Amino acid sequence: MSLKKSILFIILILIIDQVSKIYIKTHFVLGEDITVFSWFKIYFIENDGMAWGTKISDFVSFISDRTAKISLTLFRIVAIFGIGYWLYDATKKQQSQILIWAVALIFAGAMGNIIDSVFYGVIFDDSYGQVASFMPASGGYDSLLHGKVVDMLYFPLWKGYLPDWLPFYGGEYFTFFEPVFNVADMAISTGFGLLIVFNKRAFA
């Protein structure tokens with residue numbers, strides 16, 4: 001795949017990701033959900049941390065949540081330049097198509113979540129008890145680089161109590177699959193999945 005096709009592919013993913021997020025942000029109240037199927041819901045939450053909702057400040061106690069948030073956003077911005085160069089280099093050297101597809105997916109997903117983190121705090125007001133407005137006259141819910149990532153895809157495939165004989169978690173109520181994510185997260189996960197499953201072909 002050429003660099004031009006890679007860029008078009010990335011733009012397509014970004015459009016799908018951002019349209020879905022903007023729609024949810026401007027039509028749902030935080031915590032609202034719609035059941036599509038018993039195993040699939042549109043469930044609006046916001047994530048201001050890392051994967052699984054964790055934060056840097058959870059591990060480094062002397063850093064405030066706001067400092068940790070801006071540090072994470074800046075790290076993501078720096079990382080996207082590295083991923084972008086990796087994609088450019090892979091296409092220039094005509095490396096494996098699987099590698100190029102994977103890096104393009106990772107780049108698109110990372111960029112999609114960076115847009116939220118950098119701009120959403122400025123261009124939207126908050127979603128607590130209300131549907132957010134785009135470019136509100138009163139200003140956004142936070143400053144630049146402090147936006148929250150919009151998540152909405154929820155697949156509770158199975159819910160129930162685990163067997164008592166299971167160590168540590170026996171008898172507890174469990175949901176599979178519990179994380180709520182977005183299109184950008186799917187792109188990143190798919191990209192890394194390709195690199196893991198097709199490792200030898202990707203890095204041949």
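Computed from a prediction, not measured in an experiment: that's the story for all the values here.
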* Side chains of Lys92 and Leu3: does their closest heavy-atom pair fall under 4.5 Å? -> no
* In terms of side-chain heavy atoms, does Gln18 have a donor or acceptor partner in Asp116 at a distance below 3.5 Å? -> yes
* **Non-hydrogen atoms of Ser20 and Val183 that approach each other most closely** => OG-CG2, 4.0 Å
* Structure fact -> Residue set satisfying side chain to side chain donor-acceptor pair (under 3.5 Å) with Asp33, at least two apart, ordered chain then number -> none
* Asked: Taking all atoms of both residues into account, what is the closest heavy-atom pair of Ser6 and Thr91, and its distance?
  -> OG-CG2, 3.9 Å
* Asked: Taking atom NZ of Lys200 and atom OG of Ser96, what is their separation to the nearest 0.5 Å?
  -> 14.5 Å
* To do: Indicate if Phe28 and Val36 have the same hydrophobic cluster label, given that clusters are the connected sets of ILVMFWY residues with side-chain heavy-atom separations under 4.5 angstrom.
  => yes
* Going from CD on Glu46 to CE on Met152, what distance comes out if it is rounded to the nearest 0.5 angstrom? -> 10.5 Å
* Kindly indicate, with the supporting measurements, whether the criterion side-chain contact (heavy atoms from CB on, under 4.5 Å) is fulfilled by Lys159 and Phe176. => CA-CA 6 Å; Lys159 290 183 179 181; Phe176 179 86; over 6 Å; no
* Who else is in the cluster with Val29 when I, L, V, M, F, W and Y are joined by side-chain contacts under 4.5 Å? -> Val131
* Looking only at heavy atoms, which two atoms of Gly147 and Lys69 are closest? And how far apart? -> O-NZ, 2.7 Å
* **Hydrophobic cluster identity match, Tyr43 and Ile24, side-chain contacts under 4.5 Å** => no
* Does one side chain, of Asn182 or Asn113, offer a donor that lies under 3.5 Å from an acceptor on the other? -> yes
* Asked: Is the shortest heavy-atom distance from the side chain of Gln130 to the side chain of Asp125 under 4.5 Å?
  -> yes
* Look only at the side chain of Ser2 and the backbone of Lys5, and say whether a donor-acceptor pair between them is shorter than 3.5 Å. => yes
* To do: Verify the cluster assignment for Ile83 and Phe75: are they in a single hydrophobic cluster under the rule of side-chain heavy atoms below 4.5 Å apart?
  => no
* **Joint hydrophobic cluster, Phe81 plus Trp86, side-chain heavy atoms closer than 4.5 Å** => yes
* To do: For residues Lys148 and Tyr141, report the shortest heavy-atom separation together with the two atoms involved.
  => N-OH, 2.8 Å
* Asked: For atom CD of Glu172, is the number of surrounding heavy atoms from other residues, nucleotides or ligands below 6.0 Å larger than 12?
  -> yes
* **Between NZ on residue Lys41 and CZ on residue Phe37, distance to nearest 0.5 Å** => 14.0 Å
* Asked: So do Leu153 and Val180 actually touch side chain to side chain, heavy atoms under 4.5 Å?
  -> no
* To do: Using the test ring pair (Phe, Tyr, Trp, His ring centres under 6.0 Å), find all partners of Tyr169 that sit at least two apart in sequence or belong to another chain.
  => none
* Asked: About how many Å separate NE2 of His27 and CZ of Phe44, when rounded to the nearest 0.5 Å?
  -> 12.5 Å
* Other residues, nucleotides, ligands: >12 heavy atoms within 6.0 Å of Phe203 CZ -> yes
* To do: Begin with the C-alpha distance, continue with both residues' side-chain angles, and end with the deciding distance and a verdict on side-chain contact (heavy atoms from CB on, under 4.5 Å) for Ile22 and Phe124.
  => CA-CA 9 Å; Ile22 292 170; Phe124 292 109; 4.1 Å; yes
* To do: Kindly say whether the aromatic ring centers of Phe40 and Phe155 come within a distance under 6.0 Å.
  => yes
* Would Tyr154 end up clustered with Ile34 when hydrophobic side chains under 4.5 Å apart are linked, directly or stepwise? -> no
* Heavy atoms, side chains only, cut-off 4.5 Å: are Arg76 and Ser117 in contact? -> yes
* Asked: Got Leu87 and Ile10 here, is their nearest side-chain heavy-atom distance under 4.5 Å?
  -> yes
* Is the distance between the ring centroids of Trp101 and Phe9 under 6.0 Å? -> yes
* **Check against side-chain contact (heavy atoms from CB on, under 4.5 Å), Phe177 and Trp158** => CA-CA 7 Å; Phe177 178 73; Trp158 182 84; over 6 Å; no
* Structure fact -> Here the gap from Lys93 atom NZ to Ile100 atom CD1, rounded to the nearest 0.5 Å, amounts to 12.0 Å
* Asked: Of Ile80, Val149, Thr73, which is the lone residue that meets side-chain contact (heavy atoms from CB on, under 4.5 Å) with Ile114?
  -> Ile80
* To do: Start with the C-alpha gap between Leu99 and Leu195, add the side-chain angles, then the distance that decides, and say whether side-chain contact (heavy atoms from CB on, under 4.5 Å) holds.
  => CA-CA 7 Å; Leu99 175 63; Leu195 293 179; 3.8 Å; yes
